[in-house]
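Quick note: numbers below take in every heavy atom, side chains included, and nothing from hydrogens, waters or symmetry partners.
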Amino acid sequence: QVQLVESGGGLVQAGGSLRLSCAASGSIFSINAMGWYRQAPGKQRELVARITSNGRTNYADSVKGRFTISRDNAKNTVYLQMISLKPEDTAVYYCNADVTVRAGGLIMSDYWGQGTQVTVSS
């Protein structure tokens, strides 16, 4: 019912920048919080940043001051601007959204994107 499509990952040198995008589509009534998570090889998936529908944000301590999350509610899209990237930021980055859909009634569910690889070389 809802698809999240990420883009913007890639290979970058340490100190470089990338911008990730995630667009939601489908039978969307409203989108509540949206966020980015990441999972490095051999590690658990962790929260990177999250933004509520009214723009309140929170970040993992490891990315504060380097990453900025934002969203365009008209486009159902969330962004993650990443600067001063470090090799330890290398991971698959996943978009997440709490979406209310029209399915008979209104149902809120949690959706995930397919992931986009970010690789930071030293």
Side-chain angles (χ1 to χ4, degrees):
Q1 289 174 320
V2 174
Q3 297 80 40
L4 301 181
V5 178
E6 301 124 332
S7 61
L11 173 64
V12 64
Q13 289 188 331
S17 302
L18 283 174
R19 188 192 194 210
L20 306 183
S21 299
C22 172
S25 62
S27 302
I28 297 171
F29 177 78
S30 65
I31 301 179
N32 306 307
M34 302 184 80
W36 290 95
Y37 291 72
R38 67 186 180 186
Q39 187 167 19
K43 295 187 177 181
Q44 290 188 331
R45 189 173 298 188
E46 63 177 0
L47 172 69
V48 176
R50 198 156 175 83
I51 184 168
T52 65
S53 57
N54 60 6
R56 182 178 298 179
T57 60
N58 66 289
Y59 296 91
D61 288 343
S62 60
V63 307
K64 285 180 180 177
R66 300 187 299 120
F67 291 9
T68 302
I69 189 169
S70 61
R71 62 190 284 174
D72 184 331
N73 291 331
K75 296 181 179 179
N76 291 334
T77 299
V78 64
Y79 305 97
L80 186 69
Q81 178 67 51
M82 305 183 291
I83 66 171
S84 302
L85 283 160
K86 304 175 181 180
E88 51 264 44
D89 294 317
T90 295
V92 178
Y93 284 69
Y94 296 92
C95 176
N96 172 263
D98 297 330
V99 182
T100 299
V101 301
R102 296 184 180 90
L106 296 178
I107 300 173
M108 187 168 73
S109 298
D110 195 46
Y111 293 89
W112 291 89
Q114 80 285 355
T116 185
Q117 177 70 45
V118 172
T119 302
V120 184
S121 63
S122 58

Item to check | Straight-line distance of Phe67 CZ to Thr57 OG1, nearest 0.5 Å | outcome: 14.0 Å
Next on the checklist: With heavy-atom distances below 4.5 Å as the criterion, would you say the side chains of Ser21 and Lys75 are in contact?
Outcome noted: no
Checklist entry - What are the two closest heavy atoms between Leu18 and Gly8, and how far apart are they? => result CD2-O, 3.8 Å
Checklist entry - For residues Asn73 and Arg71, is any side-chain donor paired with an opposing acceptor at under 3.5 Å? => result yes
Item to check | Flag side-chain contact, heavy atom, 4.5 Å: Arg66 against Met82 | outcome: no
Next on the checklist: Nearest 0.5 Å, please: how far is CZ in Arg45 from CZ in Arg38?
Outcome noted: 13.0 Å
Checklist entry - Relative to each other, are the rings of Trp112 and Tyr94 parallel, tilted or perpendicular (30° and 60° limits)? => result perpendicular
Next on the checklist: Quick check: do Gln117 and Thr90 have side-chain heavy atoms less than 4.5 Å from each other?
Outcome noted: yes
Checklist entry - Are Asp61 and Lys64 ion-paired here, with the side-chain N under 4.0 Å from a carboxylate O? => result yes
Next on the checklist: Applying a strict under-4.5 Å side-chain criterion to I, L, V, M, F, W and Y, I'd like to know whether Ile51 and Val2 cluster together.
Outcome noted: yes
Next on the checklist: Do Tyr111 and Tyr93 land in one hydrophobic cluster if side-chain heavy atoms of ILVMFWY residues count as linked below 4.5 Å?
Outcome noted: yes
Next on the checklist: Grouping I, L, V, M, F, W and Y whenever their side-chain heavy atoms are under 4.5 Å apart, do Leu11 and Val92 come out in a common cluster?
Outcome noted: no
Next on the checklist: If I compare all heavy atoms of Ala24 with all of Ile31, which pair ends up nearest, and what's the gap?
Outcome noted: CB-CD1, 3.9 Å
Checklist entry - Which pair of non-hydrogen atoms, one from Val12 and one from Gly16, has the smallest distance, and what is that distance? => result CG2-CA, 3.8 Å
Next on the checklist: Holding to side-chain contact (heavy atoms from CB on, under 4.5 Å), I want the full list of residues that pass it with Arg102, two or more places apart in sequence or in another chain.
Outcome noted: Phe29, Leu106
Checklist entry - Is any side-chain heavy atom of Leu80 closer than 4.5 Å to a side-chain heavy atom of Glu6? => result no
Next on the checklist: Rounded to the nearest 0.5 Å, what separates atom SG in Cys22 from atom CD in Gln3?
Outcome noted: 11.0 Å
Next on the checklist: Distance check, rounded to the nearest 0.5 Å: Asp98 atom CG versus Ser109 atom OG?
Outcome noted: 9.5 Å
Item to check | Closest heavy-atom pair and its distance - Asn96, Arg50 | outcome: OD1-NH1, 2.9 Å
Checklist outcome for this item: Between Ala14 and Ser122, the two heavy atoms sitting closest are CB-CA, 4.3 Å
Checklist entry - Does some side-chain heavy atom of Tyr79 sit less than 4.5 Å from a side-chain heavy atom of Thr68? => result no
Checklist entry - Is there a path of hydrophobic side-chain contacts, each under 4.5 Å between heavy atoms of I, L, V, M, F, W or Y residues, that connects Val118 with Val63? => result yes
Checklist entry - Linking I/L/V/M/F/W/Y whenever their side-chain heavy atoms sit closer than 4.5 Å, directly or via other members, would Val78 and Tyr59 fall into one cluster? => result yes
Checklist entry - Is the closest side-chain heavy-atom distance between Met34 and Ile69 below 4.5 Å? => result no
Checklist outcome for this item: For Gln81 and Ser17 the tightest heavy-atom approach is NE2-CB, 4.2 Å
